[in-house]
Amino acid sequence: MLKLCLSLVLLPALPAADWSRLRPQGHVSDFASVLPAASRQKIEQYLATLENASGAQVAIVTIASLEGDPIEDVANSLYRSFGIGKKDTNEGALFLLAIQERRSRLEVGYGLEAILPDAAAGEILRAMRPALRQGQYGLALETAAHSIGARIATARQVSLPAIPAPPAAPGEEIPLPMLLLLLGALALFALYNRRRSPYRAFRSPWIFPSGGGFGGASSSGGASWGGFGGGDSGGGGASSDW
């Protein structure tokens, strides 16, 4: 009985989760480690493009558990800790996914509340449910990112590409137009090389630059991410479960 009384006295003093200790990993922070690498890269690139085109900053965060806290409080704490959105405009949004509790939250900054009102935020969350219920977290978050981006792009009158398809895996069939283009380039190259000398090696710097050929291209995704801008949340948005 004494132990029970002591536990009841000490229970309120137990420390709450300190969400401010988490640091953003980019536009996408997958703390729960549920996103496939390809999906994470696509979303990161898409949100970077959205920021460059519109100035709005969108963060997507996954956590394993809410640690007993309401998802609204966790989202608001992470939003302010990360500083999503530029300080002078507060045009930001945070999408939070809590895996264990199967809860989601879209937190919206002051500057985007007219573009992403509570009703629109709820609609975006509902559209993700089928994929979430099947455990397809990558597809669900791609859907959310594209829905948020499309609304912002329409309001800002800017153009955004769709979230890109994953790169072709080794051994997959090359599309016919690309195959014909490559064959034509190789034929022209062979003709050019033959006219120069029948014994010259089959290479030319103007077609195959030194240093790796096709594989040396760099990505324009989240590598240039320089952090968020110190914005704040007005508490707007919506929460849901799946």
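Just so we're clear, the structure is a prediction, and the values are computed from it rather than from any experiment.
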Heavy-atom pair with the smallest gap, counting every atom of T62 and S33: OG1-N, 4.2 Å
Heavy-atom pair of closest approach, residues V108 and G237: CG2-CA, 4.1 Å
H146 side, atom NE2; K42 side, atom NZ - distance, nearest 0.5 Å: 11.5 Å
Pairwise distance CD(Q136) to CG(L141) - rounded to 0.5 angstrom: 11.5 Å
side-chain hydrogen bond (donor to acceptor under 3.5 Å, both in side chains) partners for S147, two or more places apart: none
Minimum-distance pair of heavy atoms, taken over all atoms of E142 and S39: OE2-OG, 2.9 Å
By side-chain contact (heavy atoms from CB on, under 4.5 Å) - contacts of S240 (at least two apart): S104, L125, R129
Taking every non-hydrogen atom, the tightest pair across A238 and G122: CB-N, 3.6 Å
Residues forming a side-chain contact (heavy atoms from CB on, under 4.5 Å) with A53, sequence neighbours excluded: V158, L160
Under 3.5 Å donor-acceptor pairs involving side-chain atoms of residues 81-98, not counting sequence neighbours:
{"unit_1": "S81", "atom_1": "OG", "unit_2": "S20", "atom_2": "O", "d": "3.4"}
{"unit_1": "N90", "atom_1": "OD1", "unit_2": "D232", "atom_2": "N", "d": "2.7"}
{"unit_1": "E91", "atom_1": "OE2", "unit_2": "R156", "atom_2": "NH2", "d": "2.4"}

Any residue meeting side-chain contact (heavy atoms from CB on, under 4.5 Å) with P117, in chain and number order, not counting sequence neighbours: A120
Q57 to G227 - nearest heavy-atom pair and separation: NE2-O, 3.8 Å
Pairing residues for R40 by the side-chain hydrogen bond (donor to acceptor under 3.5 Å, both in side chains) criterion, not counting sequence neighbours: Q25
side-chain hydrogen bond (donor to acceptor under 3.5 Å, both in side chains) partners of S65, counting only residues at least two apart: E101
V61, D73, D69, N76 screened by side-chain contact (heavy atoms from CB on, under 4.5 Å) with W19, the one that passes: D69
Those residues that, when tested against E67, pass salt bridge (charged side-chain N to carboxylate O under 4.0 Å, His left out) (two or more places apart): none
Pairwise side chain to side chain donor-acceptor pair (under 3.5 Å) hits with a residue in residues 114-126, at least two apart: E123-R151
Closest approach of A145 to Y46 (non-hydrogen atoms, all atoms of both residues): O-CE2, 3.3 Å
Flag, side chain of R102 to backbone of D241, donor-acceptor distance under 3.5 Å: no
Point-to-point distance, once rounded to the nearest 0.5 Å, from OH of Y137 to CD1 of I99: 4.5 Å
Set of residues satisfying side-chain hydrogen bond (donor to acceptor under 3.5 Å, both in side chains) with respect to S54, sequence neighbours excluded: none
Spatial distance of atom CD (E72) from atom CD (E107) [nearest 0.5 Å]: 8.5 Å
Gap separating the CD1 atom of I148 from the CD1 atom of I124, nearest 0.5 angstrom: 5.0 Å
Between CZ on residue R103 and CD1 on residue I63, distance to nearest 0.5 Å: 11.5 Å
